[in-house]
Amino acid sequence: MYLLVFVSAFVASVLLMQIANRYVSPLYPFLIVLAVLTGRGWIDVLAERIFGTGAAVEVLRNRWRTIVAGLLLTLVPFQSDPLALVDAYSRPINMGHETAYHFIAAQKSPDDKILTVSPMSAAIVMGGVDYYLMETLSFDEVYRHASVQGQVVDRWAGGKLVTNLEELRRLFNQHRRVWVITDEMESKKMSDELLGFLERTSEVRYEFFGGKVLLWDAGRGLY
């Protein structure tokens, strides 16, 4: 059991380049089992050191184990943060990219293009996106697709990769209107220069939990 936990921890922390819940969640059952076994071991060790060994003190040791185990179990609700768990059922905890795509679908013209930092929901709502905006990439986000002239696209919705301000300017020069989806989490991976450019040249058309929908319009003359 200990070996299995250590091997799993090594895989999740050393062999994986991207840290996310989906990669480390298989560790949780093993960590819980390890915590229980370790706690039980410490209780037995302390019982032996305090009361000694032998059949005469076995009753005292059992009482000690029961008391300490009960005290440890009372700490579980405080560590699990039950209030936050209850609150999660009444307020959003995930960013609302899906609502943003529904908004764009209702507003966009046939010639409009979509540029996004989060293309996952677009694969379902829109059937894909035109461009994927990201300066700092993780190893498993993009791949080279032969059907789009060997260009690098995102793995979810097939958006062509845009990685810097120069490519973004070139994209805007090629189209009349571009819908842009940004969010708080992915914005941390981008430069202030690129984010400032989007704010100066685009208009906020919709705000959702955790992000915004911007519209760049060539008619405004901002490049």
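Just so you know, these numbers use all the heavy atoms, side chains as well, and skip hydrogens, waters and symmetry mates.
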inquiry  = Using side chain to side chain contact (heavy atoms under 4.5 Å, CB included), reason through E203 and R205 one step at a time and then give a plain yes or no.
reply    = CA-CA 6 Å; E203 177 186 5; R205 299 298 297 270; 3.8 Å; yes
query = So which pairs with a foot in residues 179-188 pass salt bridge (charged side-chain N to carboxylate O under 4.0 Å, His left out), sequence neighbours left out?
reply = E186-K189
message = Any side-chain to backbone donor/acceptor pair from N173 onto R169? Under 3.5 Å, distance only.
response = yes
key: Atom of W156, atom of A123 and distance for their closest heavy-atom approach   = O-CB, 3.5 Å
request  = Run through the side-chain heavy atoms of Ile, Leu, Val, Met, Phe, Trp and Tyr, join any pair under 4.5 Å, and report what else lands in M126's cluster.
outcome  = Y101, F103, I104, I114, V125, V129, W179, I181, Y206, F208, V213, L215
Sole candidate of L115, V178, V180, T201 that passes side chain to side chain contact (heavy atoms under 4.5 Å, CB included) when paired with L214 = V180
task = Not counting sequence neighbours, which residues clear salt bridge (charged side-chain N to carboxylate O under 4.0 Å, His left out) with R170? List them please.
result = none
query = Quick one: side chain to side chain contact (heavy atoms under 4.5 Å, CB included) partners of I67, sequence neighbours excluded?
reply = L71
ask   = With side chains defined as the heavy atoms from C-beta onward, is the minimum distance between L161 and V153 less than 4.5 Å?
value = no
ask   = Roughly how far, to the nearest 0.5 Å, is CG of L133 from OG of S118?
value = 11.5 Å
query = What's the verdict on side chain to side chain contact (heavy atoms under 4.5 Å, CB included) for D112 and H175, showing C-alpha distance, side-chain angles and the deciding distance?
reply = CA-CA 8 Å; D112 291 356; H175 305 291; over 6 Å; no
key: Heavy-atom neighbours of E98 CD exceed 12 at 6.0 Å   = no
remark   = Sorted by chain and number, sequence neighbours left out, salt bridge (charged side-chain N to carboxylate O under 4.0 Å, His left out) with E135 holds for none
inquiry  = Within this structure, what is the CD-CG distance for the pair E193 and L168, rounded to the nearest 0.5 Å?
reply    = 10.5 Å
ask   = How long is the span from the OG1 atom in T116 to the NE2 atom in H97, to the nearest 0.5 Å?
value = 6.5 Å
inquiry  = Please report the interatomic distance NZ(K113) to CZ(R177), rounded to the nearest 0.5 Å.
reply    = 13.0 Å
message = On a heavy-atom basis, which atom in P119 and which in A157 lie closest, and how many Å separate them?
response = O-CB, 3.5 Å
message = I need the K212 NZ to S202 OG distance, nearest 0.5 Å.
response = 11.5 Å
query = Would V117 and M134 count as a side chain to side chain contact (heavy atoms under 4.5 Å, CB included) if you check the C-alpha gap in whole Å, the side-chain angles of each, and the deciding distance to 0.1 Å?
reply = CA-CA 6 Å; V117 299; M134 188 56 57; 4.3 Å; yes
message = Could you measure the distance from the CG atom of L171 to the CG atom of L165? Nearest 0.5 Å is fine.
response = 11.5 Å
